[in-house]
Amino acid sequence: EEEVALTKEALGWPKEPLFHVPDDVLAHFREAVPRGEAFEREWRLAMARYAEVHPDLALEWERVTQGDLPQGWAEALPSFPEGGSMATRNASGKAINALAPRVPELLGGSADLAASNDTLIAGGGVFLPDSPGGRNVYYGVREHGMGAIMNGMALHGGVRPFGGTFLIFSDYMRPAIRLAALSKAAVVYVFTHDSVGLGEDGPTHQPVEHLAALRAIPGLDVVRPADANETAVAWRTILEHHTSGRSRPAGLCLTRQNVPTFPRGTDGFADAEGVARGGYVLIDTPGGAEPDVILIGTGSEVQLAVAARERLAGEGIEARVVSMPCREWFDSQDDGYRDSVLPANVRARVSVEAAVAQGWREVVGDAGRSVSLEHFGASADYKTLFREFGITTEAVIAAARESVSAAH
């Protein structure tokens with residue numbers, strides 16, 4: 001109080017009242033009210049004239065500014081036939097281009113990696129000063145700048161921005177990602193080349209700790225789909241969340257290498273709709289009996305859990321395979337659902353992810369095991385790397401045996 005009094009004395013400012021606003025300052029600021037009212041009247045009249053000439057576009061403008069999605073937009077999402085294989089980055093690209101005509105406010109871009117990230121909106125043009133209608137932003141090699149710009153666009157509203165780069169380069173944009181989470185900005189990061197599965201680029205480009213680091217950011221959804229159909233449902237779920245008031249950024253972590261498209265609805269495989277709940281039973285024990293062990297995979301490693309399940313059955317060990325593309329979405333489900341997927345009494349569990357195991361102990365428990373990567377990668381084709389680093393079906397089987405033994 002003494003310092004405040006001395007400061008006011010030095011400035012020749014009245015000591016009382018505590019907050020003194022001179023009359024001329026108050027009058028100047030109050031001029032803003034009629035000025036703003038005049039601007040608003042002018043705007044509303046202009047919009048009324050516009051609506052008379054362009055009624056459909058006026059309704060579209062109202063929808064976009066309110067944050068709603070068009071009717072039937074999700075029907076445009078592709079469905080991928082079973083039995084084939086496709087990199088999830090390519091499935092994401094197909095989803096983007098299927099949605100773009102239905103959701104005109106989608107605005108894409110990349111940090112100079114559009115072809116690799118598969119983020120280009122075909123026929124969408126380039127966003128430039130002389131082409132403001134362009135739907136592809138070329139951000140250049142500056143991931144942090146891209147992240148910050150997308151934050152501004154998302155918080156301003158009117159567009160739904162997404163931008164791509166390699167997962168390894170999420171480090172460069174981490175401050176912008178953190179601010180997006182803090183600000184609840186509805187930004188979508190398309191992170192491709194999501195593991196050592198990218199191969200020959202070597203350890204400088206192969207993410208190892210990045211999934212765990214991103215999951216540590218409060219308010220960020222980290223989504224790693226297992227196949228093409230999971231990728232399509234992931235896109236739908238992210239946009240639905242952004243529309244339903246659950247605005248928060250999401251990172252789609254996608255493969256460079258092809259992964260099998262699972263036979264949904266046949267051979268015991270569940271529908272990909274389970275992605276919306278973050279984790280679901282992809283394929284269960286015969287007759288739905290209580291499993292001896294639960295194999296929990298994400299992304300490209302789910303296929304290893306599926307293959308391990310078949311071979312474990314030959315040893316008399318019945319396994320349930322859980323695909324868990326998004327830990328954050330799964331954690332938001334009610335206790336009953338989570339327990340139906342991961343029953344508390346089944347202590348034998350194995351997590352399978354080609355990254356550090358940090359964070360998985362709370363899922364697999366004290367008797368659980370993790371097939372993971374606790375060191376940097378190397379330069380070789382992805383099949384060699386997975387084999388040499390022990391990200392294999394055999395490693396999952398061995399971990400399952402160990403966990404079953406530890407649980408008993």
Side-chain angles (χ1 to χ4, degrees), residues 80 83-94 110 113-119 164-171 189-214 222-231 234 251-262 282 295-311 321 323-325 350-358 360 370-399:
F80 299 93
S85 64
M86 179 183 293
T88 53
R89 64 167 174 169
N90 298 140
S92 172
K94 292 181 183 300
S110 171
L113 288 167
S116 291
N117 300 145
D118 217 338
T119 51
T165 189
F166 290 0
L167 179 56
I168 190 83
F169 301 140
S170 62
D171 278 347
Y189 311 103
V190 180
F191 293 131
T192 68
H193 298 59
D194 70 344
S195 75
V196 293
L198 69 93
E200 295 85 349
D201 284 343
T204 57
H205 282 52
Q206 293 168 2
V208 175
E209 74 278 23
H210 295 74
L211 290 170
L214 289 171
V222 181
V223 192
R224 191 168 184 245
D227 73 351
N229 286 308
E230 281 201 5
T231 305
L252 263 174
C253 303
L254 307 168
T255 68
R256 176 199 185 192
Q257 75 275 23
N258 286 348
V259 292
T261 304
F262 297 122
L282 175 64
L295 311 177
I296 309 156
T298 78
S300 50
E301 289 73 73
V302 172
Q303 61 180 306
L304 303 180
V306 171
R309 172 190 172 274
E310 296 174 1
R311 288 172 54 181
V321 176
S323 177
M324 192 170 287
V350 178
S351 66
V352 193
E353 188 170 71
V356 294
Q358 183 175 333
W360 283 105
S370 290
V371 175
S372 62
L373 189 65
E374 304 301 326
H375 54 77
F376 293 120
S379 184
D381 67 274
Y382 79 90
K383 291 181 180 178
T384 298
L385 292 180
F386 275 38
R387 183 180 67 248
E388 294 297 321
F389 293 157
I391 311 296
T392 61
T393 299
E394 289 72 20
V396 178
I397 292 169

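All residue numbers in this chain count up from 1 along the given sequence. Computed over heavy atoms, backbone and side chain alike; hydrogens, waters and symmetry mates excluded.
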So do the side chains of [X] and [Y] get within less than 4.5 Å of each other, counting heavy atoms only?
| X | Y | result |
| --- | --- | --- |
| I296 | W360 | yes |
| L295 | V350 | yes |
| Y382 | R256 | no |
| F166 | T192 | yes |
| D201 | Q206 | no |
| S300 | T88 | no |
| Q358 | S372 | no |

Looking at every non-hydrogen atom in both residues, tell me the closest pair between [X] and [Y] and how far apart they are.
| X | Y | answer |
| --- | --- | --- |
| L167 | L211 | CD2-CD2, 4.1 Å |
| V190 | L254 | CG1-CD1, 3.7 Å |
| C253 | P225 | O-CD, 3.6 Å |
| G199 | L385 | CA-CD1, 4.0 Å |
| I168 | H210 | CD1-CE1, 3.2 Å |

Do [X] and [Y] have side-chain atoms, one donor and one acceptor, less than 3.5 Å apart?
| X | Y | value |
| --- | --- | --- |
| R224 | T298 | yes |
| T261 | D227 | no |
| S351 | S370 | yes |

According to the salt bridge (Lys or Arg N to Asp or Glu O under 4.0 Å) rule, which pairs have a member within residues 202-214, sequence neighbours left out?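 Sorted result for residues 202-214: empty, none.
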
